Amino acid sequence: MKKQISLVIFSCLLIFYCNYSIASDDQSSGPAGWKAGISRAIITPQEPIWLAGYASRTHPSEGILADLWVKVLAIEDSKGKKAVLITSDLLGFPRKMSDHIRNQIAVRYGLTRSQIILSYSHTHSGPVLMGALFDIYPLDEQQLKVIKEYSLNLEKKIVDLTGEAIQSMVPALIFSQSGITRFQVNRRNNSEASLTAQSDLKGPNDYAVPVLKVTDKSGNLIAIAFGYACHATVLDIYQISGDYPGFAQIELEKSHPGVTAMFFQGAGADQNPLPRRTIPLARQYGNELAASVERVLDENMKKLDPVLSTAYSEVNLKFSKPPSRDSLIKISNEAEGYQKSWALNQLRALKDNGSLITSYPYPVQVWKLGDQAIIALGGELVVEYSILLKKLFGPDIFVLGYVNDDMAYIPTETILKEGGYEGESSQMVYGLPAKWAPGIEDNIIDEMKKLASKTGMKQFSQ
Ligand SMILES: [Zn+2]
């Protein structure tokens, strides 16, 4: 007993001194630090399934180029506050699925919406999910059945994996830093067809490669979470893959056996990987992204204090005036394909509800790990938001688009006025009644400012 007590005292002293000496150059080390846990599962569909993202595909998938994954990083700060980052090789979760998943996570593990980031890489070589962009795919009964079954299994798997990640948490250190790479091209301001003849490219772009590094207390790498703002649209073939983000994860996991590499999409809605359309190009961009992450890992990264703040809200974004019943009837008679389906769906909604929806609850989220701010916004976020938010909150913040709900493109005020796919016509693809109303940018940024002040983020300009 006596021996045990003196051992405890000795250990305490040792911890105190170690702590003290480390704390002199780094305040974040100590016994009550971060905890982190990882879980992962392959989610590659096992039978032919319609692939998501393009209206041009004419039949279900044929074979597998690379497996798809869901990966979960659970973290806990020194006061026991938890959060989970869920990444997935998928095009996007519609609200219904995301709500099911996040509600279940709340019920089973007590995490609120602010503590869950449900991210999707936006690969266009992954399966169609239940209720997602159904108007643009010619799905028969058999495919609808396959998609429904896959989606239900997926929801369950993600919820179970979240529990496993929380269960597996061990004492950890977390670091952050941004790298850089430049293979995305602003697709609104450059023509893909004449790209090879261009000697200069027009922006804007965000070349940052945000990286979170998670190690155990001894510094052994456990997980790497990294992002990039660029559509995952190198490939439009019938083989399943995670596109360039999938290849980047594979490459990093090859050079760090046993480590989990997780990709989150940035504000890449108006950014394409160009040139594109070949498997070697998808691998090349994956390798370029992985190389930029490796460089960051090799350098001194910022060690984050074990203090976690999270905030989440849904801001009501309004739609412009929808087309009249007469013009919907005209479109339904004259148009083909998804435009026809869209008009018929709007007419059905008018009949069932007497009116069309006039606004949408848009998810806005902030995490702060130590002094690393992470902003996560729903839908297909154009790069101008990232640039705007970095002006407001500093260049080191991480900006994620494509989280929690894939409801639409999210244009800035300028892009909304200009129109085009990201400003207007994509609303039809998403089955929404009209384009967004003016004021969308201010509404999102104002809400962001509120969440930022809640989490103690520093604002650099008004
Ligand atoms: Zn997209």
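Along the sequence shown, the residues carry numbers beginning at 1. Order of listing sets the numbers, starting from 1, for every ligand and every atom in it. Being a predicted model, the structure only gives us computed values, none of them experimental.
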Practice problem: Taking the six-membered ring of Tyr421 (Phe, Tyr or Trp), confirm whether the NZ or CZ of Arg187 is under 6.0 Å from its centre and within 45° of its axis. | Solution: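 Not flagged: Arg187 not positioned over aromatic ring of Tyr421.
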Practice problem: Could you tell me which N, O or S atom of Glu380 is nearest to the Zn ion (ligand 1)? | Solution: OE1
Quiz item: Of all N, O or S atoms in His231, which has the smallest distance to the Zn ion (ligand 1)?
Solution: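 In His231, the heteroatom (N, O or S) nearest the Zn ion (ligand 1) is NE2.
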Self-check item: Working for salt bridge (Lys or Arg N to Asp or Glu O under 4.0 Å), residues Arg102 and Asp99
Solution: CA-CA 5 Å; Arg102 291 180 297 165; Asp99 281 352; 3.1 Å; yes
Anything under 3.5 Å between a donor and an acceptor, one on a side chain of residues 47-54, the other on a protein residue two or more places apart or in another chain? List them.
{"unit_1": "Tyr54", "atom_1": "OH", "unit_2": "Arg277", "atom_2": "NH1", "d": "3.3"}

Quiz item: Can you tell me if His124 has an N, O or S atom under 2.8 Å away from the Zn ion (ligand 1)?
Solution: no
Exercise. Scan for side-chain hydrogen bond (donor to acceptor under 3.5 Å, both in side chains) pairs involving residues 136-148, sequence neighbours excluded, and state none if there are none.
Key: none
